Amino acid sequence: MIPELFFHDSATRQKQRFVPIDPQHVSIYVCGPTVYDLAHLGNARPVIVFDVLVRLLRRFYPRVTYVRNITDIDDKINDRARESGESIGAITARTTEAFHADMAAVGALPPDAEPRATQTIAGMIAFIERLIAGGHAYAAEGHVLFDTPSFPDYGALSGRTPEDLIAGARVEVAPFKRNPGDFVLWKPSDAETPGWDSPWGRGRPGWHIECSAMSLAQLGPDFDIHGGGHDLLFPHHENERAQSLCAYPGSGFARMWLHNGMLRVNGEKMSKSLGNFLTLRDILARGPWAGEAFRMLVLKTHYRAALDFTDAGLAEARADCDDDYAMLARAPQAGSDRAMIDWALAPLCDDLNTPLTLARLRDLRTVENAVTTGGSPTVGMERMGRHDVPEPGVAAASFREVAAVLGIAQSDPTSWRQGGLEQGGLAPAAIEAAIAARLAARKAKDFAEADRIRAELAEQGVVLEDGAGGTVWRLA
RNA sequence: GGUCCGGUGGCCGAGUGGUCAGGCACGGGUCUGCAAAACCCGCCACGGCGGUUCAAUUCCGCCCCGGACCUCCA
């Protein structure tokens, strides 16, 4: 039974019912990184958001193909190579590898296909030839340009008219363009710049054609969802759509467009000149908890809203993870409850409302804690519209299943709580020995000694929690 | 200047035409040798001004404030 899914479609600027072209096989394309530098915080947001979307779709549909490209041809890469002396191939290989590692660290599953622009050149050339043949593109001075007036619907995706675009143009219009809005499909390369032979001479692709060619190669001319950062809506996605719809008239191209909001740092746009440019590596270096905490931070804000990254926010997200794992650590094994799962999952089906699902997850957490520690789970259960008291472990098992769709709280709870001991610091065995010594002191009513041991461990960052089942430890 | 998106309690952050978001912080309890954790209770917000309505934070208009984008490449 597939629940109704609704997503905000950028093209119509409204929430739309999601109806896959083929219910047996859902297809989604997300714009991936241009690999010229380490991924920054802003790059990670779409990856996390669309990872959740894919996990959600996989829960309901038998097959989902998720494509995310790697753009490894770009003048930013060329510039970087020229400045640093490192070869283009080395830069893109190294950066791609780092990207993979960083995305894994925030819990993002790899896409099903990850096409590279450099491996799709033939497809791009064929694509451009098709546009020329159809009267949608023209060659001029070694360039090939897309003829925007040939596509009457141009601007519909981003909600702009050609007049708007001309009025706002802040870049000089190249003299060989027929219309100011025309954009480059192919451009000539000089001897020092990477280039490929083409019918228009040695050159390289423009910015947008690679995504049209790669989505076509992987998913065909029609697919369900196209995702990316909101900054890509115009011109990148507008141009992609124009190219694809003109090359394949009658196709729908992407049926739905989803865009995530931008990420800011301390209330400011992230930029190198402001000195607030944060790579994901900067965050991951803070500890083994940082990847999941960052993911939690991202999910705490709705994907379309602007997200302001702050250290305080990251600390709070980490505390949320701590509380989740603390609950999971004390909950007994049990089966999950279908109604609880559906209740907590429902907000995700309504335009991926991760903050509300997280709130419901907290209710499940509180219910579990109340059940296992002798409190009253009434309030949380009533929010679910129920008046029963679940068996211990049931809310926790349900929590875990919903959290899996968000890609959080899937680690071993004890590893989370005890992970990341400093090298050369206390060994777990030494901590256990200290706990045993303290227990002996307590039995002998030597509370001064017991407290001394507690304080000693606290200095090492180890916190003891005395519970009904004995004493457990965790890192502060 | 144009297009679009937002302004919710000390902070973060959902949502709704009329009964509750939630979290953090804070205050008070329970439990506890101590501590921590957990649980329970409290904390009654919706940028401004008009309008529609029996009723608006929620709909409409205007204003103020913030943000995104306004085209490859020299």
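To find a chain, count down the sequence lines: A is the first, B the second, and so on, and within it residues start at 1. Since we're looking at a predicted model, the values are computed, not measured.
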Inset, instruction - Let me know, please, whether A/Arg360 or A/Val463 comes out on the 5' side of the other along RNA chain B by nearest nucleotide. - result: A/Arg360
Legend entry - Side-chain ion pair, A/Asp363 and A/Arg383, N-O less than 4.0 Å: yes
Inset, instruction - Answer with base, sugar-phosphate or nothing: what part of the nucleic acid does A/Lys445 contact at a heavy-atom distance below 4.0 Å? - result: nothing
Inset, instruction - Would you kindly check whether a donor in the side chain of A/Arg13 faces an acceptor in the base of B/C5, or vice versa, at under 3.5 angstrom? - result: no
Inset, instruction - Could you check which of B/G33, B/C70, B/A35 has an atom nearest any side-chain atom of A/Arg454? - result: B/A35
Legend entry - A/Arg160 CZ to B/G2 P, straight-line distance once rounded to whole Å: 14 Å
Legend entry - Closest nucleotide among B/C41, B/U71, B/A14 to the A/Asn353 side chain: B/A14
Inset, instruction - Spell out yes or no: do the side chain of A/Asp466 and the base of B/C34 have one donor N/O and one acceptor N/O closer than 3.5 Å? - result: yes
Inset, instruction - Answer yes or no: is there a donor N or O on one side and an acceptor on the other, between the side chain of A/Arg295 and the main chain of A/Gly107, under 3.5 Å? - result: yes
Inset, instruction - Select from A/Arg474 and A/Arg304 the residue whose nearest nucleotide in RNA chain B is closer to the 5' end of that strand. - result: A/Arg304
Inset, instruction - Look at all strands and tell whether A/Leu356 reaches a base, only sugar-phosphate, or nothing, counting heavy atoms closer than 4.0 Å. - result: base
Inset, instruction - Once you apply the 3.5 Å cut-off to both distances, tell me the Watson-Crick or G-U wobble partner of B/G9, or none. - result: none
Legend entry - Ionic contact status for A/Arg362 with A/Asp323, cut-off 4.0 Å: no
Inset, instruction - Let me see the working for A/Asn239 and A/Tyr154 under side chain to side chain donor-acceptor pair (under 3.5 Å), right down to the final yes or no. - result: CA-CA 8 Å; A/Asn239 292 354; A/Tyr154 189 77; 2.4 Å; yes
Legend entry - Complementary nucleotide of B/A38, counting Watson-Crick and G-U pairs under 3.5 Å: B/U30
Inset, instruction - Could you tell me whether A/Lys300 contacts a base, only the sugar-phosphate backbone, or nothing, with contacts defined as non-hydrogen atoms closer than 4.0 Å? - result: sugar-phosphate
Legend entry - Watson-Crick or G-U wobble mate for B/C59, both contacts under 3.5 Å: B/G51
Legend entry - A/Val184 side chain, from C-beta outward: closest of B/C70, B/A36, B/C72: B/C72
Inset, instruction - Tell me, yes or no, whether the heavy-atom count around A/Glu391 atom CD, taken from other residues, nucleotides or ligands under 6.0 Å, exceeds 12. - result: no
Inset, instruction - Kindly say if A/Thr366 contacts the phosphate of B/C39, meaning a side-chain N or O under 4.0 Å from OP1 or OP2. - result: yes
Inset, instruction - Provide the Watson-Crick or G-U wobble partner of B/U3, both distances under 3.5 Å; none if there is no partner. - result: B/A68
Legend entry - Candidates B/A36, B/C40, B/G33 - which lies nearest the side chain of A/Glu465: B/A36
